[in-house]
Amino acid sequence: MDTTAPAAATEQVRGRRPVFHGWRIVAAFAVTQTAGYGCLYYSFAVLLHPIAADLHTSPAAVTGALTTAILAWAAAAIPIGRWLDRHGGRGLMTAGSAAGALLLVAWSRVEAVWQLYAVFAALGGAMAMALYDAATAVIVAWFDAERRPKAILAMILVAGFASTVFMPLTGLLEHRYGWRSTLLVLAAVYAAVALPLHALVVRRPPVPAERHPAAADAAVRVAAVRAARRDLRFWCLAGAFVAHSAAMSTMTVHLVGFLVHAGHPATFAATTAGLLGVLSVSGRLLLTGARRRLPLTTAVAAIFAVQAGAAAALPWLAATRTGAIIGVVAFGVGFGVASLAAPALLTERYGATGYATIAGTLNTPVTLAKATAPLAAATVAGTAGYPAVLLTSAAACALAAVGILARTRTPDAA
């Protein structure tokens with residue numbers, strides 16, 4: 001049983017009801033993650049082609065900048081996980097927010113492709129410090145096994161609207177003011193939202209009276225991480241989430257381009273792609289409901305299988321607007337499932353001790369896939385066309401479904 005999180009920790013009593021600070025952190029993260037993903041990540045897909053035109057380069061070359069950012073994110077995953085396990089998230093996430101806002105300003109000033117790559121290399125580190133991975137680790141430390149899924153779900157349900165809000169907003173700003181001014185507006189929004197909330201609300205959970213000495217805590221963390229890394233099921237999960245991450249990042253970056261290539265107006269393409277955020281919320285709610293009747297692995301695998309079918313059918317469905325919406329809706333149901341499923345599966349199998357380091361180990365190959373898949377997809381699109389990209393994404397989702405179900409009868413290490 002997981003007893004490492006301070007389930008009953010409260011600050012003080014105001015009136016008759018105890019106040020649990022963990023829920024304030026969840027509320028803050030719901031806001032900062034929405035702004036963070038909207039400003040730092042989803043804006044890229046909308047600004048991709050205007051940036052390429054302004055810098056007189058190809059979309060594939062600009063896509064490589066995002067690849068650079070996510071490679072930096074992957075490289076930072078394990079060190080940041082260790083930091084979070086030892087020191088908590090307040091200072092780290094505040095610094096990441098400040099860096100993210102400043103780098104949006106720097107992004108708006110680039111005049112050459114090499115400058116874009118330099119900015120994005122630093123931006124990847126800022127995203128690793130301030131986005132889901134760090135926020136989830138903080139929540140895992142604050143909540144016990146019973147309340148943890150609800151806390152993570154509350155954060156990602158709200159943050160799931162990041163693409164729905166920020167992709168159309170970014171498109172509107174770019175159309176009116178150009179991509180450079182758009183980035184300055186996004187920098188101001190992100191700084192105003194994330195900096196004060198991370199600095200003032202995030203803190204470490206209360207220390208239990210029976211807390212072991214620091215050396216003993218470190219030894220327990222090392223043992224937990226070692227047990228996870230030696231478990232074959234951990235690497236099956238890693239393979240599943242790597243394949244799924246590759247498909248999700250490919251669709252995030254290239255869905256707008258595919259729909260435009262299929263003959264739809266750019267505004268329709270951006271709005272339809274923005275549905276992915278709303279659908280990620282629906283998918284998370286669907287997964288939460290399905291967990292009451294099915295094993296978590298079965299529910300996740302079923303959703304991944306639906307995505308595989310939708311991606312395979314989308315080249316034909318996209319011939320009409322109605323068909324395009326149907327295909328995107330079917331695919332989008334699983335768009336945000338991994339962010340809920342991965343923490344649940346890791347803590348269910350290995351407990352909360354050393355979670356950030358274990359999650360960092362999982363997130364390193366997952367983030368590498370997120371980095372390289374859009375660039376590879378751009379190459380495939382240029383040589384074999386967008387249908388080949390979608391069929392490859394369908395195969396990746398099918399592989400993810402198989403990986404999730406692998407060795408599910410093995411007893412939990414936790």
Side-chain angles (χ1 to χ4, degrees), residues 38 42-50 52-53 58-60 63 160-175 243-244 246-287 302-337 373-374 376-401:
Y42 288 116
S43 61
F44 180 86
V46 180
L47 301 178
L48 169 61
H49 291 281
S58 67
T63 302
F161 288 100
S163 64
T164 305
V165 173
F166 280 91
M167 290 183 77
L169 175 62
T170 302
L172 179 64
L173 290 170
E174 193 282 326
H175 178 73
H244 191 255
M248 297 306 99
S249 61
T250 295
M251 294 296 278
T252 298
V253 174
H254 293 290
L255 181 58
V256 173
F258 161 70
L259 292 174
V260 170
H261 186 267
H264 299 291
T267 51
F268 171 81
T271 302
T272 303
L275 290 174
L276 293 174
V278 176
L279 294 165
S280 71
V281 173
S282 302
R284 289 158 179 164
L285 290 173
L286 177 64
L287 178 62
I303 292 173
F304 287 177
V306 169
Q307 288 188 288
L314 198 52
W316 293 272
L317 291 173
T320 66
R321 289 193 178 189
T322 301
I325 293 172
I326 290 172
V328 171
V329 167
F331 187 86
V333 167
F335 199 73
V337 163
T379 303
V380 172
T383 56
Y386 279 110
V389 172
L390 293 172
L391 292 175
T392 302
S393 297
C397 289
L399 180 62

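What you see is a predicted model, and the numbers here were worked out from it, not measured in a lab. Positions are given from 1, in the same order as the sequence printed here.
Of all heavy-atom pairs spanning Met248 and Gly334, the tightest one is SD-O, 4.2 Å. For the residue pair Phe335 and Thr252, the shortest heavy atom distance occurs at CZ-OG1, 3.0 Å. For the residue pair Thr250 and Ala373, the shortest heavy atom distance occurs at OG1-CB, 3.5 Å.
Of the possible donor and acceptor atoms, one in the side chain of His254 sits under 3.5 Å from a partner among the backbone N and O of Pro374. Of the possible donor and acceptor atoms, one in the side chain of Thr383 sits under 3.5 Å from a partner among the backbone N and O of Val380.
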Check: residues 302-323 side-chain donor-acceptor pairs under 3.5 Å, at least two apart:
{"unit_1": "Gln307", "atom_1": "OE1", "unit_2": "His244", "atom_2": "NE2", "d": "2.7"}
{"unit_1": "Gln307", "atom_1": "NE2", "unit_2": "Phe331", "atom_2": "O", "d": "2.8"}
{"unit_1": "Thr320", "atom_1": "OG1", "unit_2": "Gly323", "atom_2": "N", "d": "3.0"}

Under 3.5 Å donor-acceptor pairs involving side-chain atoms of residues 384-397, not counting sequence neighbours:
{"unit_1": "Thr392", "atom_1": "OG1", "unit_2": "Ala388", "atom_2": "O", "d": "2.8"}
{"unit_1": "Ser393", "atom_1": "OG", "unit_2": "Val389", "atom_2": "O", "d": "3.1"}

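The structure places CG of Leu48 at 11.0 Å from OG of Ser43, a figure rounded to the nearest 0.5 Å. Rounding to the nearest 0.5 Å gives a distance of 9.5 Å between CE of Met167 and OG1 of Thr271.
The shortest distance between side-chain heavy atoms of Val260 and Phe268 does not fall below 4.5 Å. Looking at Thr170 and Leu47, their side chains come closer than 4.5 Å, going by heavy atoms from C-beta outward. Annotation: side chain of Leu169 is not in contact with side chain of Tyr42 (no heavy-atom distance under 4.5 Å).
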| request: Dump the intermediate steps for side chain to side chain contact (heavy atoms under 4.5 Å, CB included) on Val46 and Val256, then the final yes or no. | output: CA-CA 8 Å; Val46 180; Val256 173; 5.9 Å; no
